[in-house]
Amino acid sequence: MDKIVMKGGQELHGEVQASGAKNAALPILASALLADGTSTYRNVPDLADVATMLKVLRTMGCDAERLTARKKDVCEVGVNGHIHPEAPYELVKTMRASVLVLGPLVARFGRARVSMPGGCAIGARPIDQHLKGLKALGADIHLTEGYVEARAKQLKGGTVNFDVITVTGTENVLMAAVLAKGRTIMENCAREPEIEELARVLNKMGAKIEGAGTSVITVEGVDGLKPVDHAILPDRIEAGTLLVAAAISGGNVLVKHAVPEHLEAVVDKLREAGCTITAEGGGLRCKAPRTLNSVNITTTEHPGFPTDMQAQLMALMCVSQGTSVISENIFENRFMHVPELHRLGADITIQGHTAVVKGVKGLSGAPVMATDLRASASLILAGLRAEGRTEVSRVYHLDRGYERLERKLRSLGADIRRVKAKA
Ligand code: EPU
């Protein structure tokens with residue numbers, strides 16, 4: 001297994017660019033199933049999760065590939081001929097987002113067999129709301145042998161009121177509703193920019209969707225869709241992570257392609273912590289203050305503070321002046337980075353879904369273990385500040401959602417490298 005080895009203490013300076021958004025790329029790749037022909041996606045980040053989604057699509061009989069040679073950020077998905085509408089356990093267990101093929105498959109091919117994702121490190125993460133939505137559109141759903149089996153000759157528009165706000169649930173039902181007969185009204189939807197982006201792509205394919213990005217989405221079903229050519233929006237969580245890297249290192253960095261409107265809650269907290277954040281050249285610049293202030297954070301659905309930035313802000317709070325209270329309200333087990341941050345000298349106490357972080361004067365490097373994607377980012381951020389050598393193992397978690405993070409940080413002056421596992 002690869003490791004990240006780093007020495008803390010370098011201020012980061014310069015410019016770096018955010019890649020395409022993982023959480024937009026995954027549903028968008030799945031949406032290729034909705035049309036015959038070949039769709040082309042640009043600015044697709046080169047990540048393990050994207051490779052898994054391409055594999056899921058290939059397993060079903062699609063031609064799904066990342067173009068090599070010069071256009072590395074381009075993926076093509078061809079849906080031509082026979083599709084075997086099944087996502088097997090072996091793939092779904094490595095990436096829960098594989099469940100995003102469920103909506104498109106049942107809408108387009110009338111049936112789907114998709115392994116139930118099961119729990120994951122950060123929480124139980126049920127998919128009851130995905131199934132509730134598909135049922136409301138007329139799908140007949142059974143759970144057998146660990147698989148969701150969905151069937152519908154023709155989905156019919158209906159009203160779906162989500163009991164829980166869910167990102168991939170909203171996306172799955174939206175992708176089904178575009179080919180349902182008649183009008184669908186989706187209420188209590190997630191409002192993330194990635195949902196707006198998915199709707200943008202579906203509308204380019206010929207769908208009729210209004211309201212994406214608000215809590216009520218209306219869809220007029222259409223008879224068919226055509227393939228699309230689309231460049232995926234930048235990753236707001238990667239951009240936010242790079243802003244925190246600038247802040248924790250005491251540096252001054254321009255993150256190109258960071259979209260200010262997508263990062264308002266994060267920028268607000270960084271400003272409250274004392275950072276100077278300015279929009280510049282199609283991105284955001286973060287200039288760290290001499291001393292960081294502690295700020296309180298409560299994760300909520302978009303446009304609130306994102307759970308996917310909680311671990312990174314916690315790393316920052318570890319070296320801020322004062323006490324910070326961090327409440328995690330989306331996932332029940334998303335504090336696994338805490339024991340690892342303790343190894344670096346952090347002072348954090350967990351009480352239920354709240355972590356109390358007392359800022360310390362300094363962190364000191366140590367071997368630590370990544371437990372999930374955002375936890376791995378938080379350990380690398382802490383390592384930028386820790387005195388001495390930090391070694392982060394299990395970086396396959398990092399590679400699921402960050403495109404060559406260590407190279408980006410090195411280009412800004414960090415002393416960081418990847419040690420490849422021996423073959
Ligand atoms: N939930 C239910 N029932 C459902 C669906 C969700 O109870 O049917 C609950 C979940 O257990 C959780 C809450 O609702 O407590 C929110 O979960 P949501 O469904 O919104 O999460 P998700 O769609 O599985 C996406 C992102 C996550 C991100 C969350 C929250 C993708 C592929 N994944 O997951 O991204 O944390 O939304 O914003 O879009 C990451 O990138 O590190 C990551 C985990």
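Every number for a ligand or one of its atoms is a count from 1 in the order of the listing. Quick caveat: nothing in here was measured; it's all calculated off a predicted structure.
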Per-residue contact class, Val167 against ligand 1 - non-hydrogen pairs under 4.0 Å: both

Atom 7 (O) of ligand 1 - nearest protein heavy atom and its distance: Pro126 CG, 3.4 Å

Ligand 1-proximal atoms of Leu373, by part, heavy-atom distance under 4.0 Å: side chain

Part of Met95 within contact of ligand 1 (heavy atoms, under 4.0 Å): neither

Asp128 N/O under 3.5 Å from ligand 1 N/O: yes

Ligand 1 versus Ile330: contacting region, heavy-atom distance under 4.0 Å: both

Residue His130 vicinity, atoms of ligand 1 by number, heavy atom under 4.0 Å: 8 (O)

Salt bridge present between Arg111 and Glu86 (N-O < 4.0 angstrom): no

Protein heavy-atom partner closest to atom 32 (C) of ligand 1 - residue, atom, separation in Å: Asn23 OD1, 3.4 Å

Protein heavy-atom partner closest to atom 44 (C) of ligand 1 - residue, atom, separation in Å: Arg334 NH2, 3.4 Å

Basic-acidic side-chain contact under 4.0 Å: Glu406, Arg404: no

Atom 19 (O) of ligand 1 - nearest protein heavy atom and its distance: Thr166 OG1, 2.7 Å

Heavy-atom donor-acceptor pair, Gln310 side chain to Arg334 backbone, under 3.5 Å: yes

Nearest non-hydrogen protein atom, atom 21 (O) of ligand 1: Phe331 CZ, 3.9 Å

Minimum non-hydrogen distance to atom 1 (N) of ligand 1, winning option of Val164, Ile237, Ile195: Val164

Cationic N near anionic O, under 4.0 Å, Arg108 to Asp36: yes

Taking atom 8 (O) of ligand 1 as the reference point, the nearest protein heavy atom with its distance: Gln129 N, 2.7 Å

Distance filter under 4.0 Å to Lys22 heavy atoms, resulting ligand 1 atoms: 40 (C), 41 (O)

Salt-bridge present (Arg42, Asp73; N to O < 4.0 Å): no

Part of Asp308 within contact of ligand 1 (heavy atoms, under 4.0 Å): side chain

Note: Lys408-Glu238 ion pair, threshold 4.0 Å (strictly below): yes

Proximal atoms of ligand 1 relative to Arg125 (non-hydrogen, under 4.0 Å): 11 (O), 22 (P), 24 (O), 34 (O)

Lys/Arg N to Asp/Glu carboxylate O, Lys420 vs Asp2, below 4.0 Å: yes

Subset of ligand 1 atoms that lie under 4.0 Å from at least one heavy atom of Thr168: 22 (P), 23 (O), 24 (O), 31 (C), 32 (C), 39 (O)

Nearest-contact summary for atom 42 (O) of ligand 1 - protein heavy atom, Å: Arg374 NE, 2.9 Å

Asp372 side, atom CG; Met336 side, atom CE - distance, nearest 0.5 Å: 4.5 Å

For Thr307, the ligand 1 atoms whose distance to one of its heavy atoms is below 4.0 Å: 30 (C), 36 (O), 38 (O)

Intermediate values then yes/no, side-chain hydrogen bond (donor to acceptor under 3.5 Å, both in side chains), Gln129 and Asp163: CA-CA 7 Å; Gln129 298 301 308; Asp163 303 314; 3.3 Å; yes

salt_bridge(Arg58, Asp63) N-O dist < 4.0 Å: no

Criterion side-chain hydrogen bond (donor to acceptor under 3.5 Å, both in side chains) on Glu197 and His230, from CA distance to verdict: CA-CA 10 Å; Glu197 177 76 347; His230 185 81; 2.7 Å; yes

Between CD on residue Glu171 and CD1 on residue Ile28, distance to nearest 0.5 Å: 8.5 Å

